[in-house]
Amino acid sequence: MAATAILWGSAFPAIRVALDGYAPTAMAVLRLAVAVVLLLPFLFTGRVSRLRRGDIPRMAGFGLTGMTAYQLLLYAGERHVEGGTAAMLVATSPVFATVLGMLVLRERPGAWGVGGLLVALTGALVVAMSGGGGGGSHSGMIMVVLAAAAQATSFILQKPLLCRYSGMDCIFYGSLFGLVPLLFFAPQAVGQAAAAGWHQSAAVGWLGLGCTALAFCTWSRVLEAATASTSSLVLYAVPVAALALDAVLMGVLPTPVAALGGLIVLAGVGIAAVRRPSGRSRVVAASPPREKPGEADPADAPKTPATR
């Protein structure tokens, strides 16, 4: 959870640096292309499983919502919204995930989960009201909130896939499906890459390596161990990491009110983790069918390094 928060939190200052030399569409193309290229060797070596035909629609939906839509909306919104504020607005994603989890996956977050969500949401609102050191236009904020909704939708689509695929599988195929509709902008991305400075290009490379390939693998591990609504509360820690990285890397210090809101966010995450039920007992619709009499339960077998 901590690694996911730090890796995703680093995306917000990286996006601000990259926007000086790249358009949102070019950034999305290059970020997903980097992730696909980095993970492609694992497909040939068998570390990435073959995608079943019946899972193609759900995996494609995961890629289009969590990769394509989320990135385009976030990049476009962050052109008009300060990074700390954008991070706090993205932190509303667990609210969407909780509602979708109850409607689609029939999840029951429980009293501790709901209580932690409300406390963390309060902290997110405190930081958003403080501006995190800056403000933004209403249209930019709306785009960032829509990005949060797209991200929550991708979590719900990904959850049942983790019964059959590892986090690396989901990231590879999700990035691949997310990249396909963006190939139209590939010439633009190549042209901007040739003209951009090394700082901007390094930021885009980190978005693909650290904020996509590595972060989504750690996130899939979290999502695999808990319900979509409970595990998505880790997103409330992402703005705290983003504000801290802004202070260290960009020299932007959070206001005292923003710092207080960050502490409330962490408290909410802690409350949600208390007496947290296992994901398998809470998911009804997404539970895999039980084995036939005499067959071994795959869940009881030791996991290989590729699926741990």
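Values below: all heavy atoms of this structure, side chains included; hydrogens, waters and symmetry mates excluded.
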**Report entry** For Ala23 against Gln192, the heavy-atom pair lying closest together
**Finding:** N-OE1, 2.8 Å

Query raised in the report: Any donor and acceptor pair, going by atom type alone, linking the side chain of Ser175 with main-chain N or O of Leu32 inside 3.5 Å?
Result: no

Requested in this report: Report the C-alpha separation of Trp206 and Val17 in whole Å, then their side-chain angles, then the decisive distance to 0.1 Å, and conclude whether the side chain to side chain contact (heavy atoms under 4.5 Å, CB included) test is met.
Outcome: CA-CA 11 Å; Trp206 174 250; Val17 172; over 6 Å; no

Report task. Search all heavy atoms of Pro181 against all heavy atoms of Leu64 and return the closest pair with its distance. Result -> CG-CD2, 3.7 Å

Report summary line: Heavy-atom closest pair (Leu183 atom, Pro187 atom, distance to 0.1 Å) is O-CD, 4.0 Å

Requested in this report: Find the distance between CG (Leu73) and OG1 (Thr68) and round it off to the nearest 0.5 Å.
Outcome: 10.5 Å

Requested in this report: Examine the side chains of Arg31 and Tyr22 and answer whether a donor and an acceptor come within less than 3.5 Å of each other.
Outcome: no

Query raised in the report: Got a second to check how far Arg58's CZ is from Lys159's NZ, nearest 0.5 Å?
Result: 12.0 Å

Report summary line: Rounding to 0.5 Å, atoms CZ (Phe172) and CZ (Phe177) come to a distance of 9.5 Å

Report summary line: For Cys211 and Ser10 the tightest heavy-atom approach is SG-OG, 3.5 Å

Requested in this report: Please step through side chain to side chain contact (heavy atoms under 4.5 Å, CB included) for the pair Phe62 and Cys170, ending with a clear verdict.
Outcome: CA-CA 8 Å; Phe62 165 66; Cys170 292; 4.2 Å; yes

Report summary line: Between Leu214 and Gly210 the two heavy atoms that sit nearest each other are CB-O, 3.6 Å

**Report entry** side chain to side chain contact (heavy atoms under 4.5 Å, CB included) evaluation trace for Val90 with Phe12
**Finding:** CA-CA 11 Å; Val90 170; Phe12 292 93; 4.2 Å; yes

Query raised in the report: So Val34 and Thr212, side chain to side chain contact (heavy atoms under 4.5 Å, CB included) or not? Walk me through it.
Result: CA-CA 9 Å; Val34 168; Thr212 302; over 6 Å; no

Query raised in the report: How far apart are the closest heavy atoms of Gly61 and Thr65, and which atoms are they?
Result: O-OG1, 2.7 Å

Query - Polar side-chain atom of Tyr173 near backbone of Ser49 as donor-acceptor pair, under 3.5 Å - result: yes

Query raised in the report: Do Tyr165 and Asp55 get their side chains close enough for a donor-acceptor pair, meaning under 3.5 Å?
Result: yes

